[in-house]
Amino acid sequence: MRPILTALFSLATATAAPAQDVEVELVLLADASGSIDPDEIAFQRSGYADAITDPRVVEAITLTAYGRIAVTYVEWASAGTEDVVVPWTIVDGPDTAAAFADALSGPPRRAFGRNSIGSALMFGTRLIEENDFEGWRKVIDFSGDSANNWNGPSIAEGRQAALDAGIVINGLPILCLTCSGRPQSGDLEEIYRQRIIGGPGSFVVTADGSQSFADAVRRKLILEIGGTRPGPRRTAAR
């Protein structure tokens with residue numbers, strides 16, 4: 001019996017390995033609902049790819065206390081269709097940033113249907129709670145071109161689940177992407193501030209056109225990685 005007990009103990013200790021420490025666990029939740037057409041899906045992925053490989057973003061990562069982040073890219077639409085386009089990846093320099101960016105271009109679109117922001121936030125929360133990393137900070141980076149919630153849990157329920165788990169939600173309202181979808185008014189920013197973002201230092205950075213999208217994503221990533229906040233005009237902490 002002793003060899004068996006020893007083997008079981010060894011197995012238990014092996015499977016209970018400590019989580020890998022990172023500066024931030026970052027879930028990128030990108031809109032893939034009905035208002036986002038295929039060209040816009042590709043445009044969004046390209047914008048995130050350009051942003052995460054930007055030397056300023058890579059430098060922000062390497063200058064953190066841990067020198068690395070864990071990041072995953074998820075497309076959301078109707079409740080239950082959330083799709084992990086790129087799974088959890090350690091980014092700690094130019095090579096791993098480039099690998100993450102390359103992975104964005106391959107998978108097909110698998111999220112469809114009408115908006116379920118509450119479900120998307122809950123999905124992002126589960127991804128953080130169930131991964132193998134331990135981040136100094138835990139962040140959901142939520143982007144979308146509306147604040148409708150047609151099915152699944154309410155926005156309030158999804159938001160509260162994230163806040164209860166100690167996760168900060170930041171917002172990237174898209175007022176206009178390539179303008180083949182549905183351009184939104186500036187009120188979307190205020191709705192994001194009031195109903196979606198939350199947690200210490202949470203903020204909104206707006207993308208108001210195709211030329212500014214990658215810049216907005218880059219700016220937002222640098223703020224999230226560094227744990228800093230934008231100017232007061234675009235900030236709303238709860």
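Count residues from 1 along the sequence.
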Side chain proximity check, Val85 to Arg45, heavy atoms < 4.5 angstrom: yes
Salt-bridge present (Glu129, Lys138; N to O < 4.0 Å): no
Flag side-chain contact, heavy atom, 4.5 Å: Ser202 against Ile169: no
Asp102: partners by salt bridge (Lys or Arg N to Asp or Glu O under 4.0 Å), with sequence neighbours left out: none
Nearest heavy-atom neighbours spanning Ala30 and Ser143: CA-OG, 3.4 Å
Residue pair Thr125 / Ile140, side-chain heavy-atom distance below 4.5 Å: yes
Close side-chain approach of Val74 to Phe123, heavy-atom, < 4.5 Å: yes
Salt-bridge present (Asp92, Arg68; N to O < 4.0 Å): no
Phe213 and Phe43 aromatic ring geometry - parallel, tilted or perpendicular at 30°/60° bounds: tilted
Connected via hydrophobic side-chain network under 4.5 Å: Met122 and Val27: no
Side chain to side chain, Asp215 and Val217, heavy atoms closer than 4.5 Å: no
Counterpart residues, salt bridge (Lys or Arg N to Asp or Glu O under 4.0 Å), relative to Arg114 (two or more places apart): none
Side chain to side chain, Asn170 and Asp141, heavy atoms closer than 4.5 Å: no
Single hit among Leu127, Ile128, Thr72 for side-chain contact (heavy atoms from CB on, under 4.5 Å) with Glu25: Ile128
Heavy-atom pair with the smallest gap, counting every atom of Asp31 and Ile41: O-CD1, 3.9 Å
Sub-4.5 Å side-chain heavy-atom contact between Val205 and Leu223: yes
Contact check, side chains of Arg137 and Val168, non-hydrogen atoms, under 4.5 Å: no
